[in-house]
Number of protein chains: 2
Amino acid sequence: MPRAPRQQSCTGCSVERALSLIDGKWKIVILYKLLKGTLRFNELRRLIPGVTQRMLTHQLRELEADGLIVRVVYAQVPPRVEYSLSTRGQSLEPVLLALKQWGDTNLSSQAAKAA
Amino acid sequence: MPRAPRQQSCTGCSVERALSLIDGKWKIVILYKLLKGTLRFNELRRLIPGVTQRMLTHQLRELEADGLIVRVVYAQVPPRVEYSLSTRGQSLEPVLLALKQWGDTNLSSQAAKAA
DNA sequence: GCCCATAGTGTCAAAAAGGATACCGTGATG
DNA sequence: CATCACGGTATCCTTTTTGACACTATGGGC
């Protein structure tokens, strides 16, 4: 998506603004994984098959910039970086759960056909 | 988004599948508008400032293909085409409302700063 | 000395999404 | 006769997003 220019006069609707924060192929999944707790970079990578290192970094950076997640770097070797939801990110829980539940009940192969 | 190729082996997570149905800059907004009832093409267009005719058509077609909305064409002149949520689309209501509420409470200028 | 893991960054190129614009057919309206 | 509204299509072009791949630093293990 040529996503919203990250700053838009927002044509009237809070939904659109909300969307601009969580678009991107991986953001919701990342947030969802983080719901269960803090994760390190490579843990996320393993939890989300298909995401590349670059993409993961990118999305995490944007999520951080939007104040949805918190990034903590431990000055160690090997590096240790932990990601967790910010308060704002946690407030997305209802949305994430609603989405998950919808996916589960409406997208299972059976349900999809029954629809 | 080079969105999910519309058919993916789906690496394990129903959330990802759900996302592939509602990505696109306008889909959620369209669905949200349709929550309140049936709308005609140009009504949608007016309700969603910023969307172009082409985009609206595109997104509506995809939503229809994914079984989230229903398109009814009346053989009249001038043409009359009505869009409404399918049962499946209506089942998205909790998600849409959760998103709207999150947007309202967490993205108002004050809240955004307080975050 | 060589390889591994961690958490990245940088560059390049492909693919997709989105936007602008012009055009279509029809009947009513002026 | 010209124009408008409706619900689109078709085409072209630009911007974004994404993916592939190579490369980095450091300390530990073999």
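If you're wondering where the values come from, they're calculated on a predicted model, not measured in any experiment. Here is the naming used below: chain letters follow the sequence lines, and residue numbers restart at 1 for every chain.
For R45(B) and dG7(D), a side-chain-to-base donor-acceptor distance below 3.5 Å is absent, hydrogens and geometry of angles not being considered.
Of the candidates dG10(C), dA7(C), dG19(C), the closest approach to any side-chain atom of R40(A) belongs to dA7(C). Proximity note for M55(B) (side chain, C-beta onward) versus dG8(C), dG18(C), dA20(D): the nearest is dG18(C). Closest approach to the T57(B) side chain among dG8(C), dG19(D), dT9(D) is made by dT9(D) (side chain taken as heavy atoms from C-beta onward).
As rounded to whole Å, 12 Å separates atom C1' of dG10(C) from atom CD of Q53(A). In this structure, CZ of F41(A) is placed 18 Å from P of dT24(D), rounded to the nearest angstrom.
Of the side-chain N and O atoms in K25(A), one or more sit less than 4.0 angstrom from OP1 or OP2 of dG19(D). The shortest distance between the side-chain N/O atoms of R61(B) and the OP1/OP2 oxygens of dG8(D) is below 4.0 Å. Here Q59(B) reaches the OP1 or OP2 of dG18(C): one of its side-chain N or O atoms lies under 4.0 Å away.
Contact check for S86(A) versus I69(A): no side-chain heavy atoms found under the 4.5 Å cut-off. Proximity of I30(B) to L56(B): side-chain heavy atoms (C-beta onward) are separated by under 4.5 Å at one or more points.
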Identify each atom pair where a protein N or O and an N or O of nucleotides 25-30 of chain C are less than 3.5 Å apart, giving names and distance.
none

CA sep, side-chain torsions, deciding dist, call: L92(A), W102(B), side chain to side chain contact (heavy atoms under 4.5 Å, CB included): CA-CA 7 Å; L92(A) 263 174; W102(B) 185 76; 3.5 Å; yes

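Residue whose closest nucleotide on DNA chain D sits further toward the 5' end, between T52(A) and R80(B): R80(B). Of the two residues contacting DNA chain D, namely N42(B) and R54(A), the nearest-nucleotide position lying further toward the 5' end is that of N42(B).
In the displayed structure, Q101(A) atom CD is contacted under 6.0 Å by at most 12 heavy atoms of other residues, nucleotides or ligands. Other residues, nucleotides and ligands contribute more than 12 heavy atoms inside 6.0 Å of the CD atom of Q90(A).
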Base-pair map of DNA chain C as dot-bracket, where | denotes pairing with a different strand and pairs are Watson-Crick or G-U under 3.5 Å: ||||||||||||||||||||||||||||||

